[in-house]
Amino acid sequence: MIVALVVVGIVGIALIGGVGLVYLISLNSNSGQAPPERPAEPVRPSRSATPDAEKAKLEKELADLKEKLKEQPSVSDNSNPFPDSEDISVFKTAIVNSPGDGFLALRNLPSTDAGDRIAKIPNGEKVEILACNPTEETIGDRSGKWCLVTWKETAGWVFDAWLEY
């Protein structure tokens, strides 16, 4: 048993001495300089970086949107949204004349069937007319046109048969 411990001790000293010897040799071969530095860690993209596939998808969506914008007709600030409509100067004022039920319906679309009423404009109120459809229609016993108006900062459609210009 003692012999085994002595052998293990000698082997351990030899191993430690061998490691020291290897270190001394490496110091000598580097002319007394410190051992070379570890190579730098590779730069990894941060978690916030967009993967290439995601970036390509976003770039395609952006290109598609730009193409759609190019296809849309350009509209200048002074253009009439109804090019065939009667010539109405911008913000022509009219007064609601609907004494029967006391209000004129302001709608989200120019239609009594498809357009929802978004407000009731009281009789005698002023509205600013932005433009009117060129086609005349008859509602009840009155003929008129659908006009895009603003009233108290709300925009919508009214039937102009109940307006006084």
Side-chain angles (χ1 to χ4, degrees), residues 23 26-27 29-165:
Y23 182 73
S26 70
L27 280 179
S29 67
N30 288 332
S31 304
Q33 297 175 3
E37 293 182 24
R38 289 177 46 192
E41 291 280 330
V43 177
R44 294 186 179 137
S46 67
R47 291 179 187 240
S48 64
T50 305
D52 290 341
E54 181 76 12
K55 183 177 179 182
K57 178 183 172 189
L58 292 173
E59 286 175 346
K60 181 173 180 349
E61 287 179 17
L62 180 60
D64 291 345
L65 288 172
K66 285 180 179 178
E67 191 61 35
K68 284 182 183 178
L69 282 174
K70 286 180 187 176
E71 292 171 2
Q72 294 200 1
S74 65
V75 179
S76 68
D77 291 340
N78 297 328
S79 69
N80 185 342
F82 307 103
D84 298 331
S85 71
E86 63 186 62
D87 184 24
I88 296 177
S89 60
V90 177
F91 299 114
K92 181 176 181 180
T93 302
I95 298 175
V96 173
N97 182 18
S98 183
D101 56 9
F103 71 90
L104 177 60
L106 182 66
R107 298 183 177 275
N108 65 342
L109 295 172
S111 166
T112 55
D113 297 328
D116 293 327
R117 185 171 58 205
I118 56 177
K120 292 180 177 180
I121 305 172
N123 189 44
E125 285 285 313
K126 291 181 182 179
V127 295
E128 300 293 327
I129 300 174
L130 305 176
C132 293
N133 279 337
T135 309
E136 196 164 289
E137 296 180 28
T138 302
I139 296 178
D141 61 344
R142 295 203 181 190
S143 293
K145 298 175 183 180
W146 285 99
C147 294
L148 180 62
V149 304
T150 58
W151 173 69
K152 292 189 176 182
E153 299 181 11
T154 302
W157 295 89
V158 297
F159 195 64
D160 79 341
W162 284 277
L163 292 177
E164 289 180 3
Y165 294 95

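Note that the coordinates shown come from a computational prediction; the quantities given were computed from them, not determined experimentally. The chain is numbered in sequence order, starting from 1.
Scanning all heavy atoms of the two residues, the minimum distance from Ala155 to Thr150 falls at CB-CG2, 4.1 Å.
With hydrogens and angles ignored, the 3.5 Å screen pairs no side-chain donor or acceptor of Asp160 with any backbone N or O of Gly144.
Legend: residues meeting side chain to side chain contact (heavy atoms under 4.5 Å, CB included) with Glu125, ordered by chain and number and at least two apart, are Ile121, Pro122, Trp151, Lys152. Taking Ala94 as the reference, Val127, Ile129, Leu163, Tyr165 meet the side chain to side chain contact (heavy atoms under 4.5 Å, CB included) condition, with sequence neighbours excluded. With sequence neighbours left out, the side-chain hydrogen bond (donor to acceptor under 3.5 Å, both in side chains) criterion links Thr135 to no other residue. With sequence neighbours excluded, the residues satisfying side chain to side chain contact (heavy atoms under 4.5 Å, CB included) with Glu61 are Lys57, Leu58. A search for side-chain hydrogen bond (donor to acceptor under 3.5 Å, both in side chains) contacts involving Glu136 returns nothing, not counting sequence neighbours.
For the residue pair Glu137 and Ser143, no side-chain donor N or O sits within less than 3.5 Å of a side-chain acceptor on the partner.
The ring-ring contact (aromatic ring centres under 6.0 Å, His included) test with Trp146 is passed by exactly one of Phe159, Trp157, Trp162: Phe159.
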Passes side chain to side chain contact (heavy atoms under 4.5 Å, CB included), Arg107 versus Val158? Steps please.
CA-CA 6 Å; Arg107 298 183 177 275; Val158 297; over 6 Å; no

Return a table of donor-acceptor pairs under 3.5 angstrom between the side chains of residues 97-105 and protein atoms on other chains or two or more places apart.
from: Asn97; atom 1: ND2; to: Glu164; atom 2: OE2; distance (Å): 2.9
from: Ser98; atom 1: OG; to: Asp101; atom 2: OD1; distance (Å): 3.0
from: Ser98; atom 1: OG; to: Phe103; atom 2: O; distance (Å): 2.9
from: Asp101; atom 1: OD1; to: Phe103; atom 2: N; distance (Å): 3.3

Table please: side-chain donor-acceptor pairs of residues 108-116 below 3.5 Å, with sequence neighbours left out.
from: Asn108; atom 1: OD1; to: Asp116; atom 2: N; distance (Å): 2.6
from: Ser111; atom 1: OG; to: Asp113; atom 2: N; distance (Å): 3.1
from: Ser111; atom 1: OG; to: Ala114; atom 2: N; distance (Å): 2.9

